[in-house]
Amino acid sequence: MGFNLIGSSIFAMIFIIGVTEATNYTVGDSFGWSVPSNKSFYTDWASTKKFFVGDNLIFNWNGNHSIKITMKTIDYESCNSSWFDALTYLVTKNGTAMSIHTIDAPIGYRYFYCIVGNHCELGQKFSINVQSHSGSSPAPAPAPSFGILSAFLSSLAVYFFTLTRVLVDLEDNLKI
């Protein structure tokens, strides 16, 4: 019985560890984060991907650009340039920049857009629907964390308690 529990615990830990890698997405792929010639460029780019809590969005750009991240649809649709209520706001002027944004909870829509000049109106924007890790297929998660450590320690504790109980039962049977 103890060895079946060990095997099950090891399998569960391997499964948990196997789904803990986040996916890195380079926004716009090789085009990067810039004003596109096609207004739907970034919308098309994002529509081909699934985004999960823990995934990373990598923004690469040259020149004058910003990244405003919000959960407000109205701000995104109107290209609201106020940074006051943004979840994140980054800006560079006349330089090369890279920014990595890790997608955090809660699940739901996030909106990304540039508020420099009329870049947003020209199509430098996209939205994503952040999903949770539960579902029919294993979804990527952040790098190993205390959750995995906790699962490992719990499995180890169950193993030792089971092993101790088996040894006590064996000792009791030998005394008879």
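Scope of the values below: all heavy atoms of this structure, side chains included, with no hydrogens, waters or symmetry mates. This chain uses plain numbering: 1 for the first residue, then up along the sequence.
- For Asn24, the side chain to side chain donor-acceptor pair (under 3.5 Å) test picks out Asn56, with sequence neighbours left out.
- Across all their heavy atoms, Leu57 and Ile103 have their closest contact at CG-CD1, 4.2 Å.
- To the nearest 0.5 Å, atom CG of residue Asn60 and atom OG of residue Ser30 are 10.5 Å apart.
- Looking at every heavy atom in both residues, Asp75 comes nearest to Tyr113 through O-OH, 3.4 Å.
- Lys50 approaches Tyr25 most closely through the heavy-atom pair O-OH, 2.8 Å.
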Before giving the answer on side-chain contact (heavy atoms from CB on, under 4.5 Å), spell out for Phe52 and Thr23 the whole-Å C-alpha distance, their side-chain angles and the decisive distance to 0.1 Å.
-> CA-CA 8 Å; Phe52 295 91; Thr23 301; over 6 Å; no
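- Atom OG1 of Thr48 and atom CG of Asp29 lie 7.5 Å apart (nearest 0.5 Å).
- Nearest heavy atom pair, residue Asn64 against residue Val116, reads O-CG1, 3.8 Å.
- Counting only heavy atoms from C-beta outward, the side chains of Gln131 and Ile107 never approach each other to under 4.5 Å.
- Looking at Lys68, its side chain does come within 3.5 Å of a backbone N or O of Ser82 through a donor-acceptor pair.
- Val35 and Phe41 sit in two unconnected hydrophobic clusters of ILVMFWY residues. Membership requires side-chain heavy atoms under 4.5 Å apart, directly or through other members.
- Residues Lys49 and Asp55 fail the side-chain proximity criterion, which asks for heavy atoms closer than 4.5 Å.
- The shortest distance between side-chain heavy atoms of Ile67 and His101 does not fall below 4.5 Å.
- To the nearest 0.5 Å, atom CD1 of residue Ile115 and atom CG of residue Asn80 are 8.0 Å apart.
- For the residue pair Thr70/Tyr76, the side-chain donor-acceptor check at 3.5 Å is not satisfied.
- When all heavy atoms of Thr73 and Tyr111 are compared, the pair lying nearest together is OG1-OH, 2.7 Å.
- Listed for the Trp33 side chain is no donor-acceptor partner under 3.5 Å among the backbone atoms of Ile58.
- Under the 30°/60° scheme for interplanar angles, the aromatic rings of Phe31 and Tyr42 are found to be tilted.
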Let me have the donor-acceptor pairs involving side chains of residues 119-128, under 3.5 Å, with sequence neighbours excluded, atom names and distances please.
unit_1: His119; atom_1: ND1; unit_2: His65; atom_2: ND1; d: 3.2
unit_1: His119; atom_1: ND1; unit_2: Gln124; atom_2: OE1; d: 3.2
unit_1: Gln124; atom_1: OE1; unit_2: His65; atom_2: ND1; d: 3.2
unit_1: Gln124; atom_1: NE2; unit_2: His65; atom_2: ND1; d: 3.2

